[in-house]
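Below: one structure, written as structure tokens.
As the structure is a computational prediction, the values presented were derived from the model and not from experiment.
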Amino acid sequence: MNDIIPNSAFLSLLTCSDSGTKLNLPLFTDDNSVLEKSFFPFSLLNAKDPLFKLIKGEILTDAGCCLQTIFLLIQNDNYNFVNNELQPLNNQLIDQAFKNTFSFYNGKEKDHVSPFFADQIGAKSDLKPLAPIFFCKLKKTYFHPVCPECGQILSLCYDDKLLVLQGLQAYSSSLKRYLFCPACFAKQNRSDFYVPELEADDPSFLKTRIDLINGIGALKDRIEANSTIYCLNCEQYQECYQSNDLAQANDLAQARIAALSFFPFYMFLFPRQSIPAMEFLALLSGADFEELESNLRETGKSFQLDYVKKIKNDFSGKDRFLFKGRPNFFEEVLYLKLAFLGDLAKTYFSHPAILHNSHANFDIERVWVRLFSQSSLLPSFWNFKTRILGLGISDGHSALMHPLPSCIYFDFGRLWFLALLMNRKQGASLIYQEVEKAFGFVKAKDDEAFGEYLQEGFKGVLGPDNIFWDSTIIAEPMDNSRLDLWQKALGMGFYLLEAGLQISSDTLSDDLMDDFFQELEELKKAVKDKLFNDQPVAGIRSEKISLRTKEDRRILDILGNIMDSWKKSSDETEGKIDICEAVVLKPSPVIDIDSSEEVLETVILNKPAKVPAVPDSDHIDIMEETVILSSSTGAPPVNQPEDQPEDQNADQNADESMTETIVLRPDK
């Protein structure tokens, strides 16, 4: 009946003395008068999800210095679901969702490893909930809520039979949860039951958070003086609980005590991420920091604003792009957005039962991006990693109950178009309306009409100019090669939407996803090839985007000759050139919340080649030739998943060079 362990390591870390490392949960304001009016005073990063809230945390030294910022995913006290028989949902399914996610984070998926406290791990190596925790806003400390009758720590009642006998809803078949005192029930066969707040269908005899706080204060008259109950030993007890004004008695206690979690709760810890995905996509589209900050202030999105400011400061004076202000900027932004979507898709489609919620659409607010500071000349927006912070509920029933794969394809298709098309002038609703119109041709299999519609649509919502935050950067008309790339990019999104209509089984199609990722890689390669091509592109406003320098063009000519030579040689005789390939291997991760730094290990492998015809000589001397490539022409790696050491003194100007070594045979 009670599997909660009080005085957990988590609570100890929150309340430790000044002599040790401490976990601090920053508040959204330092103004106590404002805090006392708030129901939840912590720095929320995501409060929209029905299952959990995401808050910020800091690992501090005994001197108060921040060692590391982390994110905490904490189970909600109240779920924002409307339960019905068409989509049955209950506490057991939600518990299983958290446990499945724990297995995902703590199992074979080492790339997504999350640290845990020993108290969270059960005897069967499964996830256990932590005891409920209250927070005093005045004293900035944490404690477990206790029974107002006996002073023992309260627990969650899982016994369906006991609950039904009390006139309450069963735990296993409902979304209702109730705190009670196992000690009182074992001794007296009775206990009060507590909920955060009364709902319309709750019986009147239930007690609330306010009743619980008042009851804890009343323990002063019944508990011995040496009690460890926090409020009873506080010097502010008289002020909080025994006001001279009877009409305001206990009002201060109610205002000063908040619940980090009213019920026992599941929790995951994550390394700090750099920026929410939506804000990153805006910056990736070329949005100015100042305009983005202004928009976030107007919409009241304070936590997003903080992260945008930090990115602005961290990457001040550093290049965000390779080709901004040049004709190839369109291809660069398209390539980076495709890289973003491809990186996200690998996680999203690999673990749909964990990350997708069968009772709600996938929310892009679950997606965060981590940028990696480094001392090389690689622009800051060419080095990122996406991460989904959340979990979903798969009801585990047949496809008739819930066609899960269909929703997965549809949700990612919607996200696909949002990432490519959302900018200053058009939001999600306008984009989805236009996509729905175009999708009608896809469903009708009318390729000719679909192509004509897209060509016409290129002048409107679906136009390639919308890839930029400021869509006026491109003027019509554009060359056919660029329009072809853009049409293929949109086609990938329609491919996902169409897949949602075709799926009839209860599992994702491996063949379909293999085709999707192959098409995506081919499209990225085509965009990258055009990105590093020096041919001029029609439609770019010369007054906004400058041309390449003569030095750039000279280097491009050299590279073009080299590439032509390789291609010609490859066509004539395959396998004569030994190609070195760099493979990035990830080390086995170590669970260490004191360090967010990860290490890259690079291994150079020789790519096997077909054996060429044996020459007359018994030995061939191979001479190495080194060619230095400019950063404006080399293709840097994308989405490098690990941190690089930051060099604050590195001067990264757009004209600086990035070197790359190419090994050639002497006959080349």
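Atom CG of D31 is surrounded by more than 12 heavy atoms from other residues, nucleotides or ligands within 6.0 Å.
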Stepwise, does the side-chain contact (heavy atoms from CB on, under 4.5 Å) test hold for I133 with F265? CA-CA 9 Å; I133 294 179; F265 62 101; 4.1 Å; yes
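Between F412 and Y348, the ring-plane angle classifies as tilted under the 30° and 60° cut-offs. Between Y307 and F303, the two ring planes are perpendicular [angle over 60°; tilted spans 30° to 60°].
W416 and Y409 have their aromatic ring centers separated by at least 6.0 angstrom. A ring-centre distance under 6.0 Å is found for F42 and F135. Checked against a 6.0 Å centroid threshold, the rings of F329 and F468 count as neighbours. Checked against the 6.0 Å centroid criterion, the rings of F28 and F40 do not qualify as a close aromatic pair. Taking the six-membered ring where the residue is Trp, the centroids of F384 and F280 are separated by under 6.0 Å.
Looking only at atom types and distance, the side chain of K140 has a donor-acceptor partner in the side chain of N32 under 3.5 Å away. Between the side chains of D470 and T472, at least one donor N or O sits under 3.5 Å from an acceptor N or O.
Remark: R272 fails to qualify as a cation-pi partner of F71 under the 6.0 Å distance and 45° angle criteria applied to the six-membered ring.
A donor-acceptor pair is defined here as one N or O able to donate and one able to accept, closer than 3.5 Å; no such pair exists between the side chain of S285 and the backbone of A287. With D343 contributing its side chain and T386 its backbone, the two residues share a donor-acceptor pair below 3.5 Å.
What you find for N466 and S471 is that their closest heavy atoms are OD1-CB, 4.0 Å.
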